[in-house]
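The figures here come from the full heavy-atom set of this structure, side chains too, leaving out hydrogens, waters and symmetry mates.
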Amino acid sequence: MSEDLGLWGVPIAVLGGAIRVSTPFLFVSLGECVTEKSGRINLGLEGTLVFGAMAGYAMAYSTDSAWAGLLAGGLAGVLFGVFHGLACSLPRVNDIALGIALMLLGTGLAFFFGKPYIQPVAPDLPAIDFGGWSDIPQLQAALRINVLFLIGIALALVLWWGFRNTRLGLVIRMVGDSADAARAMGYGVNRIRILCTAFGSMLAGFGGAYLSLYYPGSWNEGISSGQGLMAVALVIFARWNPLSCFWAALLFGGAGALGPALQSVGVTQGYYLFYAAPYVLTLAIMIATASPTRSLAGAPGELSITK
Amino acid sequence: MKALLPRLEGVAIPVAALLAGLALFGVFIALVGKSPVEFYSLMYKGGFGTWFSLQNTLLRAAPLLLAGLCVALPARLGLVVIGGEGAIVLGGLAAAAMANVMVGAPSLVGLLAMALAAMLAGGVWIGAVGALRHYRGVNETISSLLMAYIAIALMNHLVEGPLRDPASLNKPSTAPIDEAFRIGLIPGMDVHWGLVVGIIACIIAWFLIERTTFGFGARMTGANVRAAQLQGLAVGRLILAMTGLGGACAGLAGMFEVAAVQGSANASLIAGYGYAGILVAFLARHNPLGVIPVAILLGGIAAAGGLIQRRMGLPDATVLVLQGILFVTILLSETAYGRFKLFKRAAA
């Protein structure tokens, strides 16, 4: 096979890019999905993602282990999530506004502590080669898949199954649909929501660590451009279904990879417009799927964002 | 005195929250091994201590006033719009483009046309967020932020391509604005007229909300949409007007950044004023008059940032951390309203 694939390089690059770019989307959206199922919304995941990226990179650098970095990202996420969960349990504290505040605080703290880590190089998370059968280098590159992507798929399946078939899944859904009903059954609504927020935030922390430890694979202040927030829109698009979250994340990843893919074959016209593709796509999907008159199918009843 | 106490609550709680936030940040500074006392004395010195630093503060407060209104006005209807940055960027771009069209026109005409273009661009951009909310049920918080990213991409595209001045080499910009259309300084100060316009806009906005039927309808909608609809209020029109006005304010902020500070539209427009505006509006509890002191306070924090960085060797994100902590304590203080007997008429 020759090196030059011509225009065929574009779909292959988009596929590879989709897999690489979608992983953080997948983790944040699965996390947000769990949080929203319990009736809360956490817009602070954007800040958690950035802080997770910084904490993961710093930890991986100082311990020389990417896995320790991943753990640090998740742990940072848990801390942010517990704080968000506790604070929102207070009367009259608005979860959307507090999310924005935590977004600001998370990015601020990440930039504050992350300054010394912009230069050094930390170890990467491992990837598995699925493209060995092919001798097209572009395809091989596209099929170098990070383990976190696979873990994400497994997680999506587990969550999808768990929400339908386990007692815990049912309790979370009940808390999200009607706090009164859950209270009547004797469940602690706030406690469950705090746990769900902490779990969701932990996943966002993992997603952040993926960013700095695999793709793009370094820590800098522009590492996330609204991915945490787009994941919130993605969950709405996916109708709070973890399996749909996976497909939606793949779609968003593909949109994000379109610009660089076209650039790699020499199409540089309108580079910035292609850069905006994921945002335009998100907005278009939200416009197409939202409705002013009825609440969305599958939306947890207690959720403030769809009311 | 007894009648005053309930009204005092609206001032005492935010001030207490602000002080708590500052104290908490002091602990943070101490934890990273620096002196909070030095930090706050430098902040006072760099933000308010001298005539020079005060002017620097006011210079930074000017866009914050207008960016704060962009959040505060829709918030009166219960809408959380966080994408003011997009309206600032597009407003600045529209003003710069208009300036190039108007070359040769009298100063005043050109400036008015630029202001109109900027307000229109910003108003349509944020107004679209309101329209999407009302007609399609799209959440305004997320859509406004997505649109901010789209606006920035649009500006980068136009400044790199169709609107690029070939003479701008390293930093793609639009053609510099004609000297006739540059906005000058307030006499005797190093601060441009944007400050005055921003303060006037806040006063007008306050009057609109607190003293007109339009504002009454808006406040009622913010308190209870269903009740407002039952009363026959045109909620859709209110939403469009408020988001449009807010966006127009942010657009105007962009115009002043271009015509008074930068001299052309370029990536410097993306300075985070839109995001700081969210904090301004929330600190002011969405009261347009409250926006004025809060914008000056935050302008002071921003102005002192450079001095603090140099003297104490702290990263530039320090100001961001302080803003974040203040934001969190202010929001947490919401839970304190009505909890203190001191402020209650019945108990007093």
Side-chain angles (χ1 to χ4, degrees), chain A residues 41 43 46-47 83 87 89-94 96-116 221 225-226 229-230 232-233 236 269-283 286-296 304-306, chain B residues 28 32 71 75 80 82 128-129 132-143 145-161 225 236 275-276 278-279 282 314-339:
Chain A
I41 186 152
L43 291 187
E46 170 74 15
F83 182 76
S89 302
L90 294 168
R92 277 193 298 279
V93 173
N94 177 296
I96 293 186
L98 189 74
I100 300 169
L102 282 183
M103 191 192 313
L104 201 68
L105 184 61
T107 30
L109 286 173
F111 294 176
F112 185 95
F113 290 111
K115 206 89 197 168
E221 295 186 352
S225 34
L229 264 149
M230 279 150 75
V232 178
I236 299 173
Q269 194 85 65
Y271 171 73
Y272 285 102
L273 294 183
F274 281 112
Y275 177 77
Y279 310 108
V280 175
L281 178 76
T282 313
L283 192 65
M286 285 190 75
I287 294 170
T289 57
S291 163
T293 46
R294 54 185 168 80
S295 78
L296 297 169
S304 52
I305 204 157
T306 47
Chain B
F28 173 80
V32 297
V71 184
V80 186
I82 63 173
V129 170
L132 284 177
R133 165 71 194 217
H134 182 68
Y135 296 108
R136 292 294 315 165
V138 176
N139 180 270
E140 75 284 355
T141 310
I142 299 172
S143 70
L145 197 86
L146 291 172
M147 284 178 68
Y149 284 112
I150 296 171
I152 289 170
L154 209 59
M155 193 222 30
N156 281 331
H157 174 74
L158 290 174
V159 168
E160 286 273 1
V225 182
Y275 301 113
I278 308 167
L279 180 57
F282 272 88
L314 285 164
D316 48 359
T318 312
V319 169
L320 212 54
V321 177
L322 174 57
Q323 287 185 352
I325 290 181
L326 288 181
F327 204 164
V328 169
T329 51
I330 287 291
L331 287 173
L332 289 181
S333 76
E334 288 285 322
T335 195
Y337 286 91
R339 285 215 182 164

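- The nearest pair of heavy atoms linking R92(A) to T335(B) is NH2-O, 3.5 Å.
- Listed options I287(A), V280(A), V93(A) were ranked by heavy-atom pairs under 4.5 angstrom with chain B; first place goes to I287(A).
- Residue with the most contacts toward chain A among D316(B), L279(B), N156(B), V138(B): N156(B) (heavy-atom pairs, distance under 4.5 Å).
- Closest heavy-atom contact between S225(A) and Y149(B): C-OH, 3.5 Å.
- With a 4.5 Å cut-off on non-hydrogen atoms, L146(B) touches chain A through its backbone and its side chain both.
- Taking both residues in full, the closest heavy atoms of G108(A) and A317(B) are given as O-CB, 3.7 Å, listed atom of the first, atom of the second, then distance.
- Proximity to chain A (any heavy atom under 4.5 Å) is shown, for E140(B), by neither the backbone nor the side chain.
- Options F111(A), F113(A), Y271(A), Y272(A) differ in how many heavy-atom pairs under 4.5 Å they form with chain B, and the most are formed by Y272(A).
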Take L104(A) and V321(B), measure what side chain to side chain contact (heavy atoms under 4.5 Å, CB included) needs, and give me the verdict at the end.
CA-CA 8 Å; L104(A) 201 68; V321(B) 177; over 6 Å; no

Between N94(A) and L331(B), is a side chain to side chain contact (heavy atoms under 4.5 Å, CB included) present by the stated rule, with each step listed?
CA-CA 8 Å; N94(A) 177 296; L331(B) 287 173; 5.8 Å; no

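- For the pair L105(A) and L320(B), the minimum side-chain heavy-atom distance is 4.5 Å or more.
- For chain A, the nearby part of V32(B) is the side chain; its heavy atoms alone come within less than 4.5 Å.
- In this structure, CD1 on I330(B) lies 12.5 Å from CG on L98(A), to the nearest 0.5 angstrom.
- Contact check for V328(B) versus L102(A): side-chain heavy atoms found under the 4.5 Å cut-off.
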Go through the steps for I236(A) and I142(B) under the test side chain to side chain contact (heavy atoms under 4.5 Å, CB included), then give the verdict.
CA-CA 11 Å; I236(A) 299 173; I142(B) 299 172; 4.3 Å; yes

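- Inter-residue side-chain proximity for L145(B) and Y279(A) is flagged as unmet; no heavy-atom pair is nearer than 4.5 Å.
- Looking at F83(A), only its side chain comes within 4.5 Å of chain B, counting heavy atoms on both sides.
- The most heavy-atom pairs under 4.5 Å with chain A, out of F28(B), Y275(B), Y135(B), F282(B), come from F28(B).
- Neither the backbone nor the side chain of A277(A) comes within less than 4.5 Å of any heavy atom in chain B.
- Looking at V80(B), the atoms closer than 4.5 Å to chain A (heavy atoms on both sides) all sit in the side chain, from C-beta outward.
- In terms of heavy-atom pairs under 4.5 angstrom with chain A, the leader among Q323(B), E334(B), M155(B), H157(B) is H157(B).
- What you find for R136(B) and A288(A) is that their closest heavy atoms are NH2-O, 3.8 Å.
- Using a 4.5 Å heavy-atom threshold, the side chains of I100(A) and T141(B) count as touching.
- For a residue to count as touching a neighbouring chain, one of its non-hydrogen atoms must lie under 4.5 Å from one of that chain's; by this rule L326(B) does not touch chain A.
- In this structure, chain A has a heavy atom under 4.5 Å from the side chain of I278(B), while its backbone stays farther away.
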